[in-house]
Each structure stands twice: as structure tokens, then as C-alpha cells.
Amino acid sequence: MASKGLAPTLPAMSKLGKAYEPKDVEGPLYEWWEKQGFFHAEPDADGQPYSIVIPPPNVTGSLHVGHALDNTLQDALIRRARMRGLNAVWLPGTDHAGIATQNVVERQLASEGISRHDLGREAFIERVWQWREESGGVILQQLRRLGASCDWEREAFTFDEQRSRAVREVFVTLHEQGLIYRGYRLINWCPRCLSALSDIEVDHIDEPGELAYLRYPQMDGGDGVVVATTRAETMLGDTGVAVHPDDERYRHLVGTTLRLPLLDRELPVVADDHVDPAFGTGAVKVTPAHDPNDYEIGQRHGLETIDIMTDEAAISAAGGPYAGLDRFAARERVKADLDALGLLVRVEQRVHSVGHCSRCGTVVEPRLSDQWFVNVGPLASKAIEAVRDGRTRFVPERNAKGFLNWLENLHDWCISRQLWWGHRIPAWYDAEGHVHVLREDPTPEDEAERGLVRDPDVLDTWFSSALWPFTTMGWPDRTPELETWYPTSVLVTGYDINTFWVSRMLMMGLHFMGGVEPFGTVFNHGMVRDRHGKKMSKSFGNTIDPLDLIDEYGADALRFALIRAATLGQDVPLAEEWVEGARRFANKLWNAANLVLLLTGDEGPALTAEGPPAAGLALEDRWILSRLEAARAAVDEDLDGYDFAGAARSLYHFIWDEYCDWYLELAKLREDRESKRVLLAVLDAVLRLLHPLMPFVTEEIWRTLCAAHESDSLVVAAWPSTDPARRDLRAETEFDALRDVVTELRRFRADHRLPTAARIDVIAVAPGERRTELEAGLDGIRRLSGVGQWIFADDPSRAAGGPLGKVPVTGADLFVPLAGLLDLDEERERLTRELDKAKAELARAEGKLANAGFVD
RNA sequence: GGGGGCGUAGCUCAGCGGAAGAGCGCCCGCCUUACAAGCGGGAGGUCGCAGGUUCGACACCUGCCGCCCCCACCA
């Protein structure tokens, strides 16, 4: 840890307030942590390396619940790793988010009544940088509010100088290796963003539409064929008709020529295996410039490609009389005109899948265009190997399947975007149209001499984020950071970006880092949903702002609520009440600490330092220490397996139901040194175990009660080790028996509506050993169950001299003198019910024992 | 058309081969000096349906039914 040399700025807290007030605690604590340099790591420090790179949020974005979950989980992992003495680093940063950010700024401009073109490229980019300056720090500040313990001295940005250098190097290298190429291919085009998109940036949504059947007559006037289409306007770009080679219906037409209505273009009829004879009419209109399949068919049969659309998806000059019409208007017009000619055979209503731009929702247009592509085949096969070999494993494991399936069917990745905000493609065209991909920018003289013009396009944002695991560590330089922390230990992300991001990081990491995978484990958490498991979205109006929740309930409460719901691989439902519940838990812990403080006086730190006592322990001491060990083991096991919810459950249950409800209550009766030491030892351990999940409350309490020095922090305190030998099953069994007595007596009171204040007396009949046990626990039992007089007797009736109520507990008979307190008939009824239940249980047990198989 | 997930208490979910659990909600009783952001007690489930495996199934297998995701170029 590299201290900044600043003195601790936190005041000594000798007392805890009445209730936990996150607002008073979180800000100062975080600031102190950061100043102390607790989050900073150096590659040459001691400890086994442990590293995580943050999925970089969009620079101009704001924290949403998905980020809150993702980063809470990463923080929990990093904090635990740090406490375990690993050389743990969490690398933070942001993504320049090409299209997303550009769209935001364009909207700003639009509100001022101008477009980016009015500004010009340079001024526009300047404007985006300016916007980044204004908003770029926001989300990182918000992460601090969450408690994220990132190494802020290592903050990176996908578009900063260092990362840009890496992007350039990767692009040029891949180009040299023939893995990046420029091609005239069919791509997804967004007519609103005016840019190409990769396949995964297109969302397919089922929408109702019309399947129109069009008749294309033969050139000689014969009937020709009927084809079907949902995009009638594309017929303007038709350059052929395809049928299946074995289709008897059309065999005679193959090789003949049809006439495209409206434009009177000649259309050859070709035979192609791709055509499904069973679909529609079995004849397909072929529009090579506007449909991926048709493009393939066109290629195979040498058909002409005619691009009939403008950038804005209006009909171009190639569309003859339809030129200038928007594509949807053209669709209707074409149908109407064909109808008028008697060539619109029929129209069917049909739901079909329509591609939308994932960024702006506009219907994308498949379009032929000159773009840059990554030849992903060779890269993907290495990634597939890494996953198959288990060098990179998925948690939960099942996610690997879909991931592999996707990688195996990958098309080349279109990486050029017709945007301004992003890494400029390092390619220049000379006067003859030859492409030059250059590692260094050409000099102005060179440029002038050879007539070089730079490619105007920028790279897909995901191109630079694909390099994140090694560019954050300084690549392409050979740095100590890379040496120490690459590959990263685990990647934490929602399953929704496995394709966008994880796959690309895997491919690039393996390719550029000497075949070493960028992460050993991909931990996929679920998506945050609303209380009913519905997706959160602005249009449903069911989104929750995590910052509001932090304001109201505290960061720990939000974190704990998320973690508690983060069951392995399942989606994570979140509702305000859940967060409220988590706040109560934080407060419960706070008040438990208050009580411990009260019971131990000012001796806290001194007693803690002594550790848990080994001798002179009461039963409840041995019990709680044993239960602590159980909780400790469970937490380790759960966190090792990324079962955060499991760890949260174990701690919640241990703290509330065991430590508070039983141990603290019993400790109130005692004043011996052992009990104080156990009180503190358990609290200390529990705070450590809970710290990765709830860093703020735990730190505040720990510094007050457990820390030996003002400068001590839980952030860098040691993680409790587990030791199965510390379990004391005998103590647990014995204590359970006492608890059973208390519970039964309490139930007896409640069943009979006995006033809380009223003492009840107990006459106990118990055999020797059992009697000894009960006597040992008597003080506790009486306190917790409100018993006044307790006597042991062989003949309870005589001892009481009146009606008795029997309280069933294991190994003993307890009787409560009723003294006219309750209705005897009612009591008899209640006991009959219990007897029946017991008989049924007995029968079941005997049945089992009579069964040889069971006994074996 | 493939792949996956889920159907357990009113709601959201754990459990995943040996006597049905949690949080919230609900009912009853408590200001018992750590905590009413609390304490004690309680009601409420033929664990989606039908078969099968097993001495034993909520858990394993098979088939249905119902929700929900992801992927895919059905003109």
C-alpha cells in the first residue's frame, strides 16, 4: 500500500450513534480510504497477483442499477482478495462509446438547431471532448459512492493517448496479418445514424407486416412466376428470380428471362439450392444489393447488383420513377402500382422479424457497402479452444455453451463506422485509389506528394474495448503491470455482453498476448429486474435510480440488497423494500455493536487483540464460536464459487438469528472477562467477513470497537482463516437443547396468552445428566423465557399441589403450575393435537427403521 | 428452427436424495434500558401436471402444460 503521506483525516470515533446514519459515515470514510492509498496496488508488491478490469461504463453515462450490481460484485471480490493478502488491483476506466456518445452530442446540437455537419468534423469532435470533460467524471464519482475500491491512480479511457496507440498497433498488425481487410460487402446500415453496424448491433423484433405476392411475367408475355416479399420496394433492385433446381413447377423456366414490372428490367431465372420450394411460391425474387441471401445467390449466378437506396434509405435514382420516395412510402406505392396492373396477386398479413438499430431503434437496411472487416475465423478458433480447454471457464458453466455456439457461427466483423467520434482508421488512399495502412501518420509533404487522403471512418467502439484487459496495463509497452496482473483473475459481467465484449476480448487477448487468455474465469451475473422479475426499462417506467437508493438507505443497504438477490446465474429482482430490509440489517449490526460497546466498556481493542479465549468458556461461548466457524466456512465456500447470495444469507442468519438473538441476550447476564472477549472476537470476525459486502458500516464499527490504532482499517485487515477444528458439535447439540427449552416455554406462554410481564414457574423432572445440563443453563433459560421460580422435583403434582401444564422438551418433562391462569379444556385439546402429531411422526420413523434398506 | 432458464407460502426467491425454508406481506402479543429500522409467538405450501427410478423424491429420469430469455439470412 502506498500511503500518500497524509495523516488520517478521520476523527476518532469513541462512540457509535443511536442509529446507523450512512450519510454521516460513507463520504468521510471513502475519502479517507482513497487518501490512505488502500486501493492502490503496485506490481512488485508482495502477494499472489489478483486483478480485475472494470467493464468500462460509457464516459458520459450515469450509474444505473446494472452498474451497481456489477460493480458491487467486483468490489466484493477485490476487497476479499485484498484482505486475504493478495496483490489485488481493480483497474477502472471508461469507454468512449462511439455511437452512443455521438448521438448524445448530436441531440444537444439539434436542440440548438444545428447539425454536426454545420460544425464540421474537427469542431464537432472538440465539442464531444468538451462534453466528456463535463460529464466524464460523473459515473466514476458515482462508483465511489457505491464504495467501489478501484485503483483510481490507474484510471484508463478507451480513447486516451495510451489506448489509442494500442488500437493503432492492433489495427495495423491485424492488417499486416491479413486479418483485417477492406471489402465491398453487404452490411447493416442505419439510415438515421448514417453508419454501418455489426450484426450484434442489430436487434431483431417481431412485427406485423404484409407478405405481398407479386407476379413477374415472362418477357414474351407468358404468366411467369409469382414471388413473395415483405419489402415490396426492394423489387426495384431485383436482378433475377431463383427457384430450386429440383422444383418441377419451374424447371421449364430456368434459363429464361422474366420482365420486372414497373421498371421493365430483364430478370434471368436461375436455379439455386438455397431456395426452399416449400416456402411461399417456391420462387424467390433476388435483390443482391439489399438482402444477405440474395447477395449470395447473386454472387453464385453472376447477377447484377443494383443499389436502389440513398444513405437515408430513400429510393435512389436507380429506382426510376420512385426516386426520392422514402422506403416505406415506396413500399406502399409499389404495391398499389402493381395492383393497378393486376400484378399484385394477393397480400397476407404476416409477423416477421425486423432488424432495428440497437442504438436508435431505426429499422436497419441491409446494404452493399465498402467497409473494413475483421476476418474472425482464425481468432475465433483460438477463443473456442481456450473455452473448450477450460483455460477460460464460465460461471455458471452453462453459459459456455451459448458462447461457443455463437463463436462457431461467426460472420466477419464489420468494424468501420461512418461516425466522427472514435478511433480514426489508420488508412490512406493514394491518387490511384490504393490503400495504405500506416503505423505512423504520413508527413504533410508525403501526403501532398502522393495525394494521400485519409479514410474518414472510425472504428467500432468494441474494437478498443476488446483490448481492455491488456491496454489498461500499458500494452503495447512491456510493463511490470502486464507481467504481474495479466491475465486477469476474473471478468465480472452480465451475460448480455458475452458476445459484444467477452468474445472480442478473448480473441484479441489470445492473439496479442502470446496465446494467453485475458481472464481465467468469466463470472456472469444476471440482469437487475423489478420486483416482479420484469425487465427494467424507461418505457415501462419501472427503473430505479441507485443513487436515490444510496441517498435514502445507504450504499451498504443497496449493495446488500443486490447481493442477497444475486443467486448464481439468475436475474436479480430489486425493489425498494428489499433495500429497506438491508438497511435494517445494517442498523441491527450497528446496534449489536452498541451493545457490545456497552458490555465491554472501553476495553474493546485490547480485548480484541487477545483473540478468542480458549479456556474458561461457558456453553454459549463454545456454541457461538462454533457457529462462527460454520458461518466463516460457508462464506468462504460461497464466495469461492461466486455465490454471493449464499454468503449474504449465511452472514445475515448468523448475525441476526444466532449472535444477536441468542448470544447477545445471554451475554447481558454476564460480566466475566471471557464473555467480553468472545463478544468482541465474534464481532471482529463478523465485521471482517461482512466487509466486502458492506464496507461502510463494518469499517465504522470496526474502527470504533476493534481497531488497535487510529490508522487501522478493515480495508487492509486480514481475512479470517477457517479451521474445521474450531467446530464444537457437542456444544452445538447441548446449546440447541437449551434453546429448545426456551422456545417451548415461550410458545407455552404465547399459546396461553400469558402476559409478558407475568413470571411463570417451572417444575422440572429430569434424569441426572439432563438435570445437570439444565442447571448449567438455568440463568439463561430463565432470562430468555421469563421464568420466575424453577425447581426440580420427582413428583410434580405433589410439588405443585394444583393443575399443571406440561411443556414438551427433549429429555425432560417441564410442568407449569397453572394456578387458574387458563382454561383446562382448551389445554387438553391442544395437547391432544400435539399427541396426534407425535404419533404420526413415530409411525413414520418406525416405518423407516423397519426397512432394511434404510438402516443400511 | 436451434440453445438456455424458470414454474416451491400472498409477492420475490433459496433448497436440489433422508421429517418443507428465508426476506417482505399477513395475524396475535409486547416501548422486556442495543435496536419499535426492534422483541416473542403464529397462520399460510397434495414444492406446475402425469408417469418412472429408489427403501425413500420438492430434489434424479421421461413426457406434457405454462411463462421468460438468447441465437438464426425463413424470401
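Hydrogens, waters and symmetry mates play no part in the numbers below; they use all other heavy atoms, side chains included.
The existence of a salt bridge linking A/Arg350 and A/Glu210 is excluded, since no basic side-chain nitrogen approaches an acidic carboxylate oxygen closer than 4.0 Å. Between A/Glu348 and A/Arg346 there is a salt bridge, since at least one side-chain N of the basic residue sits less than 4.0 Å from a carboxylate O of the acidic one.
In this structure, A/Glu671 places its CD atom where only 12 or fewer heavy-atom neighbours from other residues, nucleotides or ligands lie under 6.0 Å away. Heavy atoms from other residues, nucleotides or ligands lying under 6.0 Å from CD of A/Glu637 number 12 at most.
One P atom belongs to B/G40, the other to B/C58, and the distance between them is 32 Å to the nearest Å. Atom P of B/G23 sits at a distance of 14 Å from the matching atom of B/G42, rounded to the whole Å. A distance of about 29 Å separates the P atoms of B/C39 and B/U8, rounded to the whole Å. Comparing B/G17 with B/C70, their C1' atoms sit 33 Å apart, to the nearest whole Å. Using atom C1' as the reference point in both B/A57 and B/A20, the two lie 13 Å apart (nearest Å). Taking atom P in both B/C27 and B/G10, one finds a spacing of 16 Å when rounded to whole Å. B/C65 and B/G48: their C1' atoms are spaced 8 Å apart (whole Å). Taking the P atom of each, B/G66 and B/C60 are spaced 22 Å apart, rounded to whole Å.
Looking at heavy-atom distances under 4.0 Å, A/Tyr20 makes contact with a base. Within 4.0 Å (heavy atoms only), A/His204 reaches no atom of the nucleic acid at all. A/Arg350 comes within 4.0 angstrom of sugar-phosphate atoms only, judged by non-hydrogen atoms across all strands, and of no base. A/Lys18 comes within 4.0 angstrom of the backbone, heavy atoms only, and of no base. As judged by a 4.0 angstrom heavy-atom cut-off over every strand, A/Val286 is placed among residues making no nucleic acid contact.
Between A/Arg739 atom CZ and B/G40 atom P there is a gap of 12 Å when expressed in whole angstrom units. Rounded to whole Å, atom P of B/C70 lies 18 Å from atom CG of A/Asn409. For the pair A/Met527 CE and B/C69 C1', the interatomic distance rounds to 11 Å; values are reported in whole Å. For A/Arg583 and B/G23, the CZ to P distance is 18 Å, given to the nearest whole Å. Separating the CZ atom of A/Arg746 from the C1' atom of B/C39 is a distance of 9 Å, rounded to the nearest angstrom. In this structure, A/Asn188 atom CG and B/A72 atom P are separated by 10 Å, rounded to whole Å. When rounded to the nearest whole Å, the span between CZ of A/Arg749 and P of B/C30 equals 12 Å. Rounded to whole angstrom, the span from the CG atom of A/Asn498 across to the P atom of B/G5 amounts to 15 Å.
Looking only at side-chain heavy atoms (C-beta outward), A/Phe644 and A/Asp638 stay at 4.5 Å or farther from each other. Side-chain contact between A/Met235 and A/Tyr216 is present, with at least one heavy-atom pair separated by less than 4.5 Å. Considering only heavy atoms from C-beta on, A/Pro22 stays 4.5 Å or farther from A/Glu700 through its side chain.
The residue among A/Leu595 and A/Asn399 whose nearest nucleotide of RNA chain B is located toward the 5' end is A/Asn399. Nearer to the 5' terminus of RNA chain B, by closest-nucleotide assignment, is the contact made by A/Gly402 (compared with the other of A/Gly402 and A/Lys285).
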Carefully, step by step, assess A/Asp571 and A/Tyr495 under the rule side-chain hydrogen bond (donor to acceptor under 3.5 Å, both in side chains).
-> CA-CA 10 Å; A/Asp571 283 341; A/Tyr495 54 75; 2.9 Å; yes
List the steps and the verdict of side-chain hydrogen bond (donor to acceptor under 3.5 Å, both in side chains) for A/Asp276 and A/His244.
-> CA-CA 7 Å; A/Asp276 176 4; A/His244 193 273; over 6 Å; no
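No side-chain donor-acceptor contact under 3.5 Å links A/Ser358 and A/Asp203.
Taking only side-chain atoms of A/Asp751, from C-beta outward, the nucleotide of B/G41, B/C35, B/A75 with the closest atom is B/G41. Minimum atom distance to the side chain of A/Asn405 is reached by B/C71, of the listed B/C71, B/G41, B/A37. The side chain of A/Thr229 sits closest to B/A75 out of B/C35, B/G40, B/A75. Distance from the side chain of A/Glu577 is smallest to B/C24 among B/G41, B/C71, B/C24.
In a base pair of the Watson-Crick type (N1 to N3 plus N6-O4 or O6-N4) or a G-U wobble (N1-O2 and O6-N3), with each distance short of 3.5 Å, B/C39 is matched with B/G29. B/C16 makes up no base pair with any nucleotide shown, lacking Watson-Crick or G-U wobble contacts both under 3.5 Å. B/G1 is paired with B/C71 under the criterion used here, namely a Watson-Crick or G-U wobble arrangement in which both key atom distances are under 3.5 Å. Applying the Watson-Crick and G-U wobble criteria (two distances, each under 3.5 Å), B/G66 pairs with B/C6. Across all strands shown, B/A57 remains unpaired; no Watson-Crick or G-U wobble contact has both distances below 3.5 Å.
Here the CG-CG distance, from A/Asp779 to A/Leu669, works out to 6.5 Å after rounding to the nearest 0.5 Å. Summarising the geometry, atom CG belonging to A/Leu197 is positioned 12.5 Å from atom NE2 belonging to A/His356; distances are rounded to the nearest 0.5 Å. The CG atom of A/Leu589 lies 7.5 Å from the SG atom of A/Cys660; values are rounded to the nearest 0.5 Å.
An OP1 or OP2 oxygen of B/G42 is reached within less than 4.0 angstrom by a side-chain nitrogen or oxygen of A/Arg747. A close approach under 4.0 Å does occur between a side-chain nitrogen or oxygen of A/Lys401 and OP1 or OP2 of B/G4. Residue A/Lys588 places no side-chain N or O under 4.0 Å from the OP1 or OP2 atom of B/A34. Checking the phosphate oxygens (OP1, OP2) of B/U32, no side-chain nitrogen or oxygen of A/Arg783 falls inside 4.0 Å. The phosphate of B/G38 has OP1 or OP2 within less than 4.0 Å of a side-chain N or O from A/Arg584.
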For every nucleotide of nucleotides 8-17 of chain B, 5' to 3': is a protein heavy atom under 4.0 Å from its base (B), only from its sugar-phosphate (S), or from neither (-)?
-> ---SSSS---
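Less than 4.0 Å separates RNA chain B from at least one heavy atom of each of the following residues of residues 651-667 of chain A: A/Tyr652, A/Trp656, A/Cys660, A/Asp661, A/Leu664, A/Glu665.
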